Structures are given as structure tokens and as C-alpha cells.
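All chains are named by letter (A, B, ...) in the order of the sequence lines, taking the proteins before the strands, and each is independently numbered beginning at 1. Computed over heavy atoms, backbone and side chain alike; hydrogens, waters and symmetry mates excluded. Quantities reported herein were computed from a predicted structural model and do not represent experimental measurements.
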Amino acid sequence: MARLTRSFFARPTLAVAQALLGQRLVRILNGQRLAGVITETEAYIGEEDLACHARAGRTARNAVMYGPPGHAYVYFTYGMHWMLNAVTEREGFPAAVLIRALVPTEGLDVMRRRRHLDRILTDGPAKLTRVLGIEGTFNGGDLCARGVDLFIESAQADSRLPIVAAPRVGLGSTPEPWLSKAWNFKLPDSGKQ
DNA sequence: AGCACGATGCTCT
DNA sequence: GAGCATCGTGCTT
């Protein structure tokens, strides 16, 4: 099926975060397709959103979020974890959708080999980047260009999937109202693998 | 099933 | 120097 185009990402972030549910994240690793259906996303929207990395304005780290939509914002956190986001909205407005979970569909054997343990593979934002081999070199990469090894395919034409909205995860001491904004989106019953 | 904690290093104050 | 969009282990209900 066709890849998501730039216009898909050049929309309000909350719409993109929900529309990404059910679509297929694809990583070409050593010539092989590794893929999974996106089952959980989270929106981070602008400098006003005090949970967003752009809350203190543009920096070297968050610069990609200010760039054109449809690019990957990949950052390092907790000393060991990479996080994958898709940049949204218009160029100049910093916003992105964090990909928090997948249900793996292609390349499961390779994914298992990439983990120490033969367990749950992609039910967390750092687990899925680890399994798919996504790290800092992907930051700023275009998810919509030809020939790239990380992109998203349209796998869900119908947007009538049931979606559960909840507060975002792991925000710590982020002040209200941002702490309680229900900007985490999930397909129900996809949590267990 | 749920909580506490340590790992580990980058970013910004 | 503090905090972090996390994870796995180990211990308690």
C-alpha cells in the first residue's frame, strides 16, 4: 500500500496522532522489511505546551520540530533510549507525534534476534526504536522521500477505529493543564502481545 | 499486578 | 547540577 505523504503530516497534530493509529511503520534494515502497526501515539504541540521539548523555544536538540512536516524527530533520553516522533503542522510551528507502541507484523525473527530476551518487542517507545534499529542518525530524516529506510505506509483506509484518549505518559512535574491533556491515543486491546 | 529503584548520558539552567 | 516523552529487575500484595 501507499506511503503516507507530506500532506498527511501537515495537519493539526491531534488529527495526525489519531490518524496514525492503524498505519504501518516500516524500517528497511539490511535490505529486509521490519514492520508493525502503530497502536499508540502521543501529541506534543507548540511552545505553549509545557510538556513539549519546544517549551523553551528553539534549541539545537529540538530544531527538527520547527522544520517541515513528515520528518523524523529522534532524540536520546534517560541516558540510553531513543524516541521516534513524526513532525507535524506547518514549517516554523514546533509539533510532533511520538510513536509509543506497535504490533509487529513483518520481520519478527530479526526483531527477536535484536533483543536479549525473547519477550515483548514493541510495546514501548524505546523498545520499538531498539528493535527497529532507529537511533540518532535518523533525526531530521524525511519520512516521505523516495528511497528512505524509514517510512509509514497507509494500512488503515477507514478512520472509524475505536480510539481511547488518555493523559500523556511520563510527564513528571509538568504543570497543568498540560499534565492532564488527553493527548495520548491508543487502539484498545492492543496492549498485550 | 503493582510499585520502587538503578542504569546512564545528554541538554539546558 | 538537575531533570529527563524509559526499561528491566526484584520485591511486595
Below 4.0 angstrom, N of the basic side chain to O of the carboxylate: do [X] and [Y] qualify?
X: A/Arg6; Y: A/Asp142; result: yes
X: A/Arg27; Y: A/Asp149; result: yes
X: A/Arg33; Y: A/Glu153; result: yes

Do any side-chain nitrogens or oxygens of [X] fall under 4.0 Å of OP1 or OP2 in [N]?
X: A/Arg130; N: C/dT6; value: no
X: A/His53; N: C/dA5; value: yes
X: A/Ser173; N: C/dC4; value: yes
X: A/Thr59; N: B/dC12; value: yes
X: A/Arg55; N: B/dC12; value: no

d([atom1], [X]; [atom2], [N]) in whole Å:
X: A/Phe76; N: C/dG3; atom1: CZ; atom2: C1'; value: 14 Å
X: A/His81; N: B/dG9; atom1: NE2; atom2: P; value: 12 Å
X: A/Leu179; N: C/dC4; atom1: CG; atom2: P; value: 11 Å
X: A/Trp82; N: C/dT6; atom1: CH2; atom2: P; value: 16 Å
X: A/Arg114; N: C/dC7; atom1: CZ; atom2: C1'; value: 17 Å
X: A/Arg61; N: B/dT13; atom1: CZ; atom2: P; value: 12 Å
X: A/Tyr75; N: C/dC4; atom1: OH; atom2: P; value: 12 Å
X: A/Leu50; N: C/dC4; atom1: CG; atom2: C1'; value: 15 Å

_Before you tell me yes or no, could you show the steps for A/Val97 and A/Phe185 under side-chain contact (heavy atoms from CB on, under 4.5 Å), namely the whole-Å CA-CA distance, both residues' side-chain angles and the distance that decides it to 0.1 Å?_
CA-CA 10 Å; A/Val97 173; A/Phe185 302 101; over 6 Å; no

When we call it a touch if two heavy atoms are under 4.0 Å apart, what does [X] touch: a base, just sugar-phosphate, or nothing?
X: A/Leu171; result: sugar-phosphate
X: A/Arg168; result: nothing
X: A/Ala126; result: sugar-phosphate

*Find the distance between OG1 (A/Thr39) and CG (A/Leu187) and round it off to the nearest 0.5 Å.*
6.0 Å

*So, A/Tyr44 and C/dA5: ring centres less than 5.5 Å apart, planes less than 30° off, yes or no?*
yes

Taking the minimum atom-to-atom distance to the side chain of [X], which one of [options] wins?
X: A/Met80; options: B/dT13, B/dA7, B/dG9; value: B/dA7
X: A/Tyr78; options: B/dT11, C/dC4, B/dT13; value: C/dC4
X: A/Met65; options: C/dA5, C/dG8, C/dC7; value: C/dA5

*asked:* Using only atom types and a distance under 3.5 Å, with no angle test, would you say the side chain of A/Arg115 pairs donor to acceptor with the backbone of A/Arg112?
replied: no

*Can you tell me the pairing partner of B/dC12 across any strand shown, Watson-Crick or G-U wobble, with both distances under 3.5 angstrom?*
C/dG1

